[in-house]
Amino acid sequence: MPLLGAHMSIAGGLHLAFDRIREVQGESMQIFVKNQRQWQAPPQEPQAVALFRKCWEESGRIPVAAHNTYLINLATADPATAEKSVHALADEILRTEALGIPYLIMHPGAHMGQGVRLGLESLVRNLDRAILLSNTSHVLMLMETTAGQGTQLGSRFEDIATILDESLYSERLGVCFDTCHAFAAGYDIRARAAYHETFSLFDEIIGIHRLKFFHLNDSKRELGSGMDRHEHIGKGQIGPGGFRLLLNDPRFIHHPMVLETPKGKDLGEDKENLGLLRSLLPQNPVRPTLKS
């Protein structure tokens with residue numbers, strides 16, 4: 001069965017994310033590796049890295065992905081922003097590898113008026129610089145599908161394919177499929193025929209084998225709106241049907257799938273959303289309990 005989980009806060013320390021995911025009985029997790037609202041962060045402390053790895057072992061080594069800061073825009077034509085973005089991303093790749101996390105998920109960025117083709121060229125060039133600068137060898141960068149809001153790149157499967165094909169580090173690139181973003185970009189998954197058409201197209205243009213991770217978010221806005229507005233599972237325009245098709249797709253039975261839906265400190269919303277998702281699985285099986 002898919003490994004269901006959620007994005008978790010690192011407030012108070014990276015290792016505390018494991019306490020939070022255990023509380024909702026999550027089987028996979030996404031975190032930031034630094035403050036997502038700042039360009040720079042203090043150096044990683046060896047003790048913090050060791051504690052994170054220890055808590056990860058105690059959790060049963062559930063799948064974990066990092067998500068990079070939203071400030072980074074590798075597709076910009078502005079030299080100053082591009083330079084800050086390259087160095088910030090290189091730092092996050094290095095932090096992710098030090099923690100032993102295999103995936104770093106990133107938004108492709110926005111071309112800011114220079115056009116899609118030039119934006120993609122800037123993105124690939126700066127992405128390659130960041131990977132080289134990081135001096136790492138293991139972290140897989142996952143391009144996240146986007147809604148296409150403003151001048152965002154990555155709302156078309158062709159954008160993602162171009163990045164993967166033209167990078168000098170293609171073997172270190174993959175894809176994170178965000179259900180809300182893809183739906184807002186015009187890719188329907190609500191009914192069986194539309195669902196199969198969307199993923200057949202994904203396979204034809206990108207390749208299903210490049211898809212490593214999912215964000216499970218319903219959409220407040222309608223199909224093709226181009227608006228990135230996450231909603232709780234089953235309460236948006238996608239509805240339970242689309243998630244049932246995804247969760248029961250045999251191609252994705254071992255994939256990590258995490259929520260990015262709104263939540264409070266008590267994590268009640270995560271528990272409710274995960275409960276609904278689990279009810280869509282065959283015979284609503286009992287999920288394994290994480291180690292205490």
Side-chain angles (χ1 to χ4, degrees), residues 36-40 66-94 96 103-136 139-178 180-187 198 201-213 215 221 223-229:
Q36 78 275 19
R37 297 184 180 89
Q38 297 178 359
W39 283 105
Q40 297 179 325
H67 197 299
N68 76 333
T69 175
Y70 300 126
L71 296 174
I72 292 172
N73 183 11
L74 300 179
T76 182
D78 177 64
T81 302
E83 197 65 18
K84 284 199 296 186
S85 295
V86 167
H87 285 273
L89 181 59
D91 177 64
E92 293 199 28
I93 299 172
L94 185 58
T96 301
Y103 302 133
L104 178 58
I105 298 167
M106 60 174 288
H107 293 180
H111 64 72
M112 306 301 289
Q114 66 173 322
V116 172
R117 182 61 241 178
L118 289 178
L120 288 170
E121 289 176 0
S122 296
L123 166 58
V124 170
R125 180 174 63 252
N126 290 322
L127 174 61
D128 287 353
R129 287 180 59 210
I131 294 174
L132 178 63
L133 185 62
S134 73
N135 193 29
T136 58
V139 175
L140 198 66
M141 307 295 300
L142 303 187
M143 299 297 119
E144 182 176 342
T145 57
T146 68
Q149 192 166 311
T151 63
Q152 280 182 348
L153 300 172
S155 63
R156 311 309 305 165
F157 293 160
E158 288 83 357
D159 288 359
I160 304 289
T162 295
I163 299 165
L164 271 55
D165 292 344
E166 295 188 1
S167 170
L168 297 174
Y169 298 93
S170 181
E171 75 284 354
R172 289 189 60 182
L173 303 182
V175 180
C176 172
F177 189 98
D178 186 302
C180 170
H181 296 174
F183 183 78
Y187 296 107
T198 288
L201 194 61
F202 185 100
D203 193 28
E204 176 185 338
I205 296 173
I206 299 174
I208 286 288
H209 66 286
R210 306 299 290 266
L211 208 172
K212 307 296 183 182
F213 212 90
H215 289 164
R221 300 296 296 271
L223 178 69
S225 68
M227 302 295 288
D228 178 1
R229 299 291 185 273

Exercise. Can you tell me how far CD1 of Ile72 sits from OG1 of Thr81, rounded to the nearest 0.5 angstrom?
Worked result: 12.0 Å
For this session: Please test Met106 against Leu127 for side-chain contact (heavy atoms from CB on, under 4.5 Å), starting from the C-alpha separation and ending with a verdict.
Result: CA-CA 11 Å; Met106 60 174 288; Leu127 174 61; 4.0 Å; yes
Exercise. Closest approach of Ser155 and Ala185, non-hydrogen atoms and distance?
Worked result: O-CB, 3.4 Å
Exercise. Shortest non-hydrogen contact from Ala75 to Gln114?
Worked result: O-NE2, 2.6 Å
For this session: Describe, in one word, how the ring planes of His215 and His67 are oriented to each other, choosing from parallel (under 30°), tilted (30 to 60°) and perpendicular (over 60°).
Result: parallel
Seminar exercise, completed: To the nearest 0.5 Å, atom CD1 of Ile206 lies from atom CZ of Phe177 at 9.0 Å
Exercise. Pairs in or reaching into residues 69-93: which pass salt bridge (Lys or Arg N to Asp or Glu O under 4.0 Å), with residues at least two apart or in two chains?
Worked result: Glu83-Arg129, Asp91-Arg95
Exercise. Does Met141 reach the side chain of Ile163, with side-chain heavy atoms less than 4.5 Å apart?
Worked result: no
Exercise. Asp203 and Phe157: side-chain contact (heavy atoms from CB on, under 4.5 Å), yes or no, with the steps?
Worked result: CA-CA 10 Å; Asp203 193 28; Phe157 293 160; over 6 Å; no
Problem set entry | Flag, side chain of His111 to backbone of Gly113, donor-acceptor distance under 3.5 Å | yes
For this session: Can you establish whether the number of heavy atoms outside Glu171 located under 6.0 Å from its atom CD is more than 12?
Result: yes
Exercise. Do Leu133 and Ile93 have side-chain heavy atoms sitting under 4.5 Å apart?
Worked result: no
For this session: Measure the shortest side-chain to side-chain distance between Asn73 and Met112 over non-hydrogen atoms and say whether it is less than 4.5 angstrom.
Result: yes
Exercise. Which heavy-atom pair separates Ala147 from Ala184 by the least distance, and what is that distance?
Worked result: CB-CB, 3.8 Å
Exercise. To the nearest 0.5 Å, how far apart are CG in Leu104 and CG in Leu142?
Worked result: 8.0 Å
Exercise. If you round to the nearest 0.5 Å, how far is CD of Glu158 from CG of Asp165?
Worked result: 11.5 Å
Exercise. Is it true that Glu121 and Arg117 have a side-chain N and a carboxylate O under 4.0 angstrom from each other?
Worked result: yes
Problem set entry | Minimum side-chain heavy-atom gap Arg210-Ser170 below 4.5 Å | yes
Exercise. Would Ile160 and Ile205 satisfy side-chain contact (heavy atoms from CB on, under 4.5 Å), going step by step from the backbone distance to the final call?
Worked result: CA-CA 9 Å; Ile160 304 289; Ile205 296 173; over 6 Å; no
For this session: Please name all residues satisfying side-chain contact (heavy atoms from CB on, under 4.5 Å) with Ser167, sequence neighbours left out, ordered by chain then number.
Result: Val124, Asp128, Tyr169, Leu173
Problem set entry | Closest non-hydrogen atom pair, Thr96 against Ala66 | OG1-CB, 3.8 Å
Exercise. Between OG1 of Thr146 and CG of Asp228, what distance do you get to the nearest 0.5 Å?
Worked result: 8.5 Å
Problem set entry | Thr145 side chain reached by Tyr187 side chain, heavy atoms, under 4.5 Å | no
Problem set entry | Flag side-chain contact, heavy atom, 4.5 Å: Trp39 against Ser85 | yes
For this session: Verify side-chain contact (heavy atoms from CB on, under 4.5 Å) between Thr69 and Gln38, making sure each step is shown before the conclusion.
Result: CA-CA 8 Å; Thr69 175; Gln38 297 178 359; over 6 Å; no
Seminar exercise, completed: Between the CG atom in Leu74 and the CZ atom in Arg125, the distance rounded to the nearest 0.5 Å is 10.5 Å
Exercise. Looking at residues at least two apart in the chain, or sitting in another chain, which of them share a side-chain contact (heavy atoms from CB on, under 4.5 Å) with Leu94?
Worked result: Thr136
Exercise. Looking only at heavy atoms, which two atoms of Leu71 and Gln36 are closest? And how far apart?
Worked result: CG-O, 4.1 Å
Problem set entry | Closest approach of Leu223 to Gly186 (non-hydrogen atoms, all atoms of both residues) | CD1-C, 3.7 Å
